[in-house]
Q: 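First the structure, which I've put down as structure tokens, then a few questions once you've had a look.
Each ligand, and each atom within it, is numbered from 1 in the order the structure gives. No experiment lies behind these values; they were computed from the predicted model shown. Index from 1, following the sequence.
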Amino acid sequence: MQRSLAQLARWMGLNPEPAWEKLPVERLLLDSRQYHPGVASLFFALRGAHHDGHDYIAALEALGLRYFVCEERPEKAAPDSIFLVLDSSLKALQNLARGLRQDYPHPLIAITGSNGKTIVKEWLWQVLHRELNLWRSPKSYNSQVGVPLSLWGLEARHELGIFEAGISQPGEMSRLESILQPEGGIFTNIGSAHGQNFASLEAKIAEKLKLFRACRYLVYQKDGSQLAQYIEAWAADKPLRLLSWSRSDPSAELFAERLKPTQMRWHWQGESGLLSLPFSEDEAWENALHVFRLALALGQKAPDIAPAFAQLSPVEMRLEMKEGQGDSLIINDSYNSDLESLRLALHFLETHGKGRPLWLILSTMRDLPSPPAVLHQATSQLLQSLPLEQLISIGPHYQRYPLPKDTQQVHFASTEDFLAALERFDFSGKAVLLKGAREFRFERIAARLEQKRHQSVLEIQLNRLVDNLNYYREKLAPGVKIMAMVKAFAYGSGSVEVARVLQFHGVHYLGVAYADEGVSLRKAGIQVPIMVLNHEEDSWQRLIAYNLEPEIYNLRGLEAFATALTDQGYEGAYPIHIKLETGMNRLGFSASQIPALLARLADLAVLRVSSVFSHLAAADKRSEDPFSRQQIARFEAASSQLIAALDYPVQRHLCNSSGIEHFPAAHYEMVRLGIGLYGISSDPEARKHLQTVSRLKARISQVKQLAARETVSYGRLFRAERPMRIGIVSLGYADGFRRSLSEGRGKVVIQGQRFPTLGAVCMDMFMIDLKDSDIAEGAEVEIFGDQLSLYELAENMGTIPYEVLTGISQRVKRIYLMS
Ligand SMILES: *Cc1c(COP(=O)(O)O)cnc(C)c1O
């Protein structure tokens, strides 16, 4: 896609200079890290709560970028840079997008709703792309900036554009509507929470409906929900046609009757036929029926499109990182192959592959935003940005990438050819990124490289971790630092992987429980300061050798550490963290010991107090707020005494996750964020915004038919009263699924249905009652995740989420995902 700078300027309401007519722009850029030198880009300096795009202008100029939209002209600039100065860079971007839309001669479809937007969009594409030349917005670009960006790729040759629209505040939908001006729409569904920015669920629905203000038709599910009633009332005085479908009302325009979990019979205009899906979940059916109804609205014939539904593939917008054979690391990202996702994946490879040789298996690039030559050049530049040991390229048109000569390059014409030659390569110890356009089906390569499929895995969604981090960041005043607690294997999620992401996202400090945990982080290349909560005397040398900073909580520790430093001939002042006792009655100096502490510190020049801190005992308990306030007051008094006596600045920190939520006045210079990062909180408001980062899943290893009076498991605690089907699940108390979950106290979810445990939980497995379901061997079992919450599991176990997370044993494989 290419347009002249003059045209873009006109759309933004500016009067362009004549010379701009000849300046092509190939790309819009919001994130300076996504700049590919050589691709003519227009950078929008946006101002947000936490960063200001204007800060990156100079760095981009140094890399050769010349076109900027900004709110203020920088004082110093390259003589040939062009600045389009406007009141709001965001509004300018949106106005530009409106221009792009008006330039496009065909209709657009817009999708909104709480869930399923991206899947519906991708499935529409999967079902229709053979019939129509379609454009769909990339990934889940659905925001105030995502929608404008996604219009860039739309061209006149596309017969239809499909876009998603998401909002978080009143007023946003009207703007998206005025940009997209859709002709038809889909309202997928509405969740039960209205979020903090809307007064009620109705207010949120009303805002979302603004997207369809001028539409000719709208697809929705009829089935008696509050949403359906609301849509029908809203549409009553509008010319728009409501296109509904139903699974319960045979008189509906499109009626779908479930025959099997994966099959339905559709009834439409006097005809009927079968529709099969490779999925059985209710949500999958809801998404599929929206797609079906919309395709009919576009004039497709039901019997023609129905077969495509059996071939729908899951929408994997996420990158997956797993252990591979021979201690390799396999990173699989096959959502699409545009430059942007390649850049992100390479960054991921570099971050997580640190210390290993880096390999890349790359298919021919697709989803072209630019002409092939430009694409090839930009790809080469990206590939040069990291030290690859081996590049394996796959695809029919081979063009060598100009890479450093110590990068090995080989090429295969197809994935099949490569698979046939796979044995020639030694992947052990390597970090391997698989980056292939969907049609190359790189999952076949991944399957060969990965270790055997694990029965039980803990999936960790790193992007959710980042979202949670940002949620807490918003609660902090500017300048307040975050120490992220990654003790106990990062609450079970994997210290190194979590720490790498946190380091990249600018966390200031990390907190671990033991020196060994800190040492593994350092060995993995983590450079941010690390505080160690507990120390054994024999670990001092390791602390110092790895530049880890101890918590000091008594005079004995203070002396011992100072001696260790002096013995080692340490020169300088080593940072330590003084722990104060304020009511937890765990570790810490009490107020009465402070004079003695100060007296010793005055003599020990080898130590420098980097921070002073304490810990709240009951920040998550509203009934204990008076006690927490008392702790704050004690901390205030004791820390002030300490700070006053020291002649250098000392940071203070007191709040853990729930402290951050409830005691904004006690954030001081830093906070210590733990469980909240992983998406867990006791606060109902925070829960609405946080997302549980991990999901534990197992498999049904066997299905068994029991006769009446047979018993199940150790101690014969369960006896069948009548013939029944049971499933054996591949997880036991040695994995962290406690024995207290025996005899129906534990529940699991399979294909959207809940099943209780039967009899006693064993060390490596447990049994469930499959009731009259048709669940088969190999089915995936969710232990906790989006369908069965970690809160519920913890409650069934009689404990708290902290203990469940940290109790998942190391033998359960961790898989990391990033969307
Ligand atoms: C674990 C820990 C935290 C984090 O607590 P959360 O409740 O998980 O946020 C903070 N400070 C100290 C000293 C800790 O040990």
Q: Check whether the side chains of Y816 and E459 place a donor and an acceptor atom closer than 3.5 Å, and report yes or no.
A: no
Q: Please find out if less than 6.0 Å separates the ring center of Y471 from that of H689.
A: yes
Q: Report yes if L673 has an N/O atom closer than 3.5 Å to an N/O atom of ligand 1; otherwise report no.
A: no
Q: What residue and heavy atom of the protein are closest to atom 1 (C) of ligand 1, and at what distance?
A: K487 NZ, 1.4 Å
Q: Between H577 and E549, do the side chains contain an N or O donor and an N or O acceptor separated by less than 3.5 Å?
A: yes
Q: Which residue and atom name correspond to the protein heavy atom nearest atom 4 (C) of ligand 1, and how close is it?
A: Y491 OH, 3.5 Å
Q: Does any donor atom in the side chain of Q651 or S611 lie under 3.5 Å from an acceptor atom in the other side chain?
A: no
Q: Considering only heavy atoms, does R586 approach ligand 1 within less than 4.0 Å through its side chain, its backbone, both, or neither?
A: side chain
Q: Tell me which protein heavy atom sits closest to atom 7 (O) of ligand 1, plus the residue, atom name and distance to 0.1 Å.
A: Y802 OH, 2.6 Å
Q: For atom 11 (N) of ligand 1, which protein heavy atom lies nearest, and how many Å away is it?
A: R672 NE, 2.7 Å
Q: What about the rings of F737 and Y733, do their centers lie closer together than 6.0 Å?
A: no
Q: Heavy-atom distances under 4.0 Å are what count here, so tell me which part of L533 touches ligand 1: side chain, backbone, both or neither.
A: side chain
Q: Counting the benzene-type ring for Trp, do Y668 and F635 have ring centres under 6.0 Å apart?
A: yes
Q: Nearest protein heavy-atom contact for atom 5 (O) of ligand 1: which residue, which atom, what distance?
A: N656 CB, 3.4 Å
Q: Please work out which of S681, P801, G676, S657 has its closest non-hydrogen atom nearest to atom 9 (O) of ligand 1.
A: S657
Q: If you take the centroid of each ring, where Trp contributes its six-membered ring, are H535 and Y514 closer together than 6.0 Å?
A: no
